[in-house]
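Written below as structure tokens is the structure these notes are about.
Whatever order the structure lists them in is the order used to number ligands and atoms, beginning at 1.
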Amino acid sequence: MTTGVIFKKRFGSLPGIFRAPGRVNLIGEHTDYNDGYVMPAAVGFSTYVGIAPRSDRKLLIHSEEFPGNFEFDLDALPEKRVGAWCDYVLGVASVLQQQGHKLAGANLLAHGEVPIGAGLSSSAALEVSSALALLSLTDKHMPLPEVAKLCRRAENEFVGAKVGIMDQFVSCMGKAGHAFFLDCRSLEFKFVPIPAGLKFVVCNTMVKHDLATGAYNTRREECEAGVRIFAKWDPAIRALRDVSIAMLDRHANDLPSTIWKRCSHVVRENQRTLDAARALTEGDLSRVGELMRESHNSLRDLYEVSCRELDVMVEAAEGLPGFCGGRMTGGGFGGCTVNLVREENADDFAKTIAERYRQATGINPQVYLCSAEDGAEALSWS
Ligand code: GLA
């Protein structure tokens, strides 16, 4: 059933409907919160939010797939997360109100297709679609880059996850057929065309190790510790983005080894992302493949956010017909790998990689054939 039909059944009226997609990140991992570069793409899994105004000040939040029906008073929203999926909606509502937007009471229905916990940004998709829905009941237009910033703030401050800007930004701004190259400091971006005849084969390891959230925040702290050390040598350094590879190499023996490993990943990953954007633009897929492989190795050995299942999935792609490059994608400790595969080989690739992974781990993976798709939008009712 479509979002509109479910909404009508649940709330008895017709909603406005807003869609925001999940993403895969092609390269530039754990660089966004270091003011660096990323190159994700929006994919064809989306979250849909239906909304209709109410005459009172209540916000009712419902979903067919996620458990619980929630009711809140817009004049007394919780200040911090309540520990349920509705936090992503509430966080956005709360930040909008803090910014002075006059929200109307509303019935809201979320319908999510983005696999949860797979590292494909289901939370950003829910935040962005909710933000567009809630804003549609005000008289204010908000440019999409501002929507992305608002959603990140909701996740940082309300939900308490110290994520960077990548997921929300690409969910807002993605473009069909293109990767989205973003400078996470200036927020300047450019679209990099994906060469014709390529598919993203996204392989879900079906594991999400518990340490993910804690380790994410620890990695951020380690990067900040690195910045403080480098800033002593050069006060112009504000983020790892400002550290050159030459400077990194010069100080290889001057930093605690864990901090040096984290910094080394980020500094070189920024360069890889710049190089990959250029190589993709030139259609040099073998270079893109090399850079993706280096990125994975660095995430595994230096940033230490991979896990056995991700490594097995990355290895399982090697040598398959049509394979151009692959790596883990997203925060790590489970979730998905992304593979660039020639379209004519994509179905066979998907079957074989699933079989190889099953044999090595005993786990049945899910494999999705994706392309780069458009970012968030308002839909007409259906
Ligand atoms: C998660 C975060 C992003 C980014 C990635 C790692 O997806 O939400 O902001 O930091 O991890 O690249």
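With no hydrogens or angles considered, no side-chain donor-acceptor pair links T138 and K102 at under 3.5 Å. N270 and R241 are not linked by any side-chain donor-acceptor pair at a separation below 3.5 angstrom, with hydrogens and angles left out of the test.
In this structure, Y216 has its ring center under 6.0 Å from that of Y33.
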Enumerate donor-acceptor pairs with a distance under 3.5 Å from any side-chain N or O in residues 220-234 to protein atoms, sequence neighbours excluded.
| from | atom 1 | to | atom 2 | distance (Å) |
| --- | --- | --- | --- | --- |
| R220 | NH1 | K162 | O | 2.3 |
| E222 | OE1 | R262 | NE | 2.6 |
| D234 | OD1 | A236 | N | 2.9 |

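Legend: ring-ring contact (aromatic ring centres under 6.0 Å, His included) pairs involving residues 273-307, not counting sequence neighbours, sorted by first then second residue: H30-Y303, H265-Y303.
Under a 4.5 Å side-chain heavy-atom cut-off, the cluster of Ile, Leu, Val, Met, Phe, Trp and Tyr residues that includes M292 is completed by V24, L26, I27, Y37, M39, V43, F45, V114, L120, F181, V192, I194, L198, F200, V202, L274, L280, L285, V288, L291, V338, L340, Y368.
For ligand 1, the 4.0 Å heavy-atom shell takes in R23, E29, H30, D32, Y33, V163, G164, M166, D167, Y216, G331, ordered by chain and residue number.
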